[in-house]
Amino acid sequence: MPILLIICLIPLLLGLIAEYLVCRRTKKRLLRLLPPLVSLLLTAGVAAWRWAVWPAEHGGSSPPIETMILIPGLPACALFLGLLLGWRLWRRLWSPRIIRED
């Protein structure tokens, strides 16, 4: 159980920090797409690597879907959730506020 917490918590925090810092430091909108695109490429690379390496390690069979969901899938979901939370934190802290005087 603690290993699953670590597998999910580290990518969540990395995604939150990366997205917040990129949104905070850059002025151009296209550069703000960099963390999600890098995360997507990283996730696809890990999934492709696991798919290619599995038959060599386990006698030529294709990998079960559970292993593909657990290792690239679960940390990737946490990473993308962290990216979303980092973006939301940035929007909350740095967006203009409307103050109504009644």
Side-chain angles (χ1 to χ4, degrees):
M1 184 66 174
I3 193 73
L4 286 178
L5 184 65
I6 292 171
I7 285 175
C8 291
L9 193 60
I10 290 174
L12 180 83
L13 291 174
L14 287 175
L16 187 136
I17 292 168
E19 184 70 22
Y20 178 77
L21 288 177
V22 166
C23 286
R24 175 77 176 97
R25 299 290 178 196
T26 60
K27 300 288 185 199
K28 296 182 181 181
R29 287 185 176 217
L30 287 178
L31 289 178
R32 292 181 187 154
L33 293 175
L34 193 61
L37 290 176
V38 168
S39 300
L40 185 66
L41 290 174
L42 182 67
T43 301
V46 169
W49 177 75
R50 289 218 11 138
W51 192 269
V53 169
W54 186 273
E57 292 179 353
H58 296 90
S61 64
S62 63
I65 194 69
E66 296 88 13
T67 62
M68 295 304 286
I69 289 174
L70 182 65
I71 291 303
L74 194 59
C77 287
L79 179 66
F80 286 112
L81 180 63
L83 291 173
L84 177 67
L85 291 175
W87 179 77
R88 296 281 300 184
L89 178 68
W90 171 74
R91 292 281 293 181
R92 177 96 172 127
L93 292 177
W94 297 100
S95 64
R97 307 243 187 248
I98 298 173
I99 300 172
R100 287 187 230 158
E101 295 182 24
D102 292 330

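Note that these values count all heavy atoms, side chains included, but never hydrogens, waters or copies made by symmetry. Everything numeric here is computed off the predicted structure, so don't read it as measured data.
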Assess the residue pair Leu70 and Ile7 against the criterion (side-chain contact (heavy atoms from CB on, under 4.5 Å)); give the C-alpha distance rounded to whole Å, side-chain angles, the decisive distance to 0.1 Å, and a yes or no. CA-CA 10 Å; Leu70 182 65; Ile7 285 175; 5.8 Å; no
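- Using a 4.5 Å heavy-atom threshold, the side chains of Arg50 and Pro72 count as touching.
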side-chain contact (heavy atoms from CB on, under 4.5 Å) assessment of Glu19 paired with Trp90: CA-CA 8 Å; Glu19 184 70 22; Trp90 171 74; over 6 Å; no
Just do the side-chain contact (heavy atoms from CB on, under 4.5 Å) check on Ile71 and Thr67 with the steps written out, would you? CA-CA 6 Å; Ile71 291 303; Thr67 62; over 6 Å; no
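- Residues Cys8 and Ala78 come closest through the heavy atom pair O-CB, 3.2 Å.
- Taken to the nearest 0.5 Å, the CD1 atom of Ile10 stands 9.0 Å off from the CG atom of Leu5.
- Remark: Leu16 CG to Leu79 CG distance equals 10.5 Å, nearest 0.5 Å.
- In this structure, Pro55 and Ala52 approach most closely via the heavy-atom pair CD-O, 3.5 Å.
- Atom CZ of Arg92 is separated from atom CH2 of Trp87 by 13.0 Å, given to the nearest 0.5 angstrom.
- Val22 and Trp94 are assigned to two separate hydrophobic clusters, defined by single-linkage of ILVMFWY side chains at heavy-atom distances under 4.5 Å.
- Separation of atoms CG (Leu83) and CD1 (Ile17) is listed at 11.5 Å; rounding is to 0.5 Å.
- Remark: Arg100 CZ is loosely packed, at most 12 non-hydrogen atoms of other residues, nucleotides or ligands lying under 6.0 Å away.
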Between side-chain atoms of residues 30-45 and protein atoms elsewhere (two or more places apart, or another chain), which donor-acceptor pairs fall under 3.5 Å?
unit_1, atom_1, unit_2, atom_2, d
Arg32, NH2, Thr26, O, 3.2
Ser39, OG, Pro35, O, 2.8
Thr43, OG1, Ser39, O, 2.9

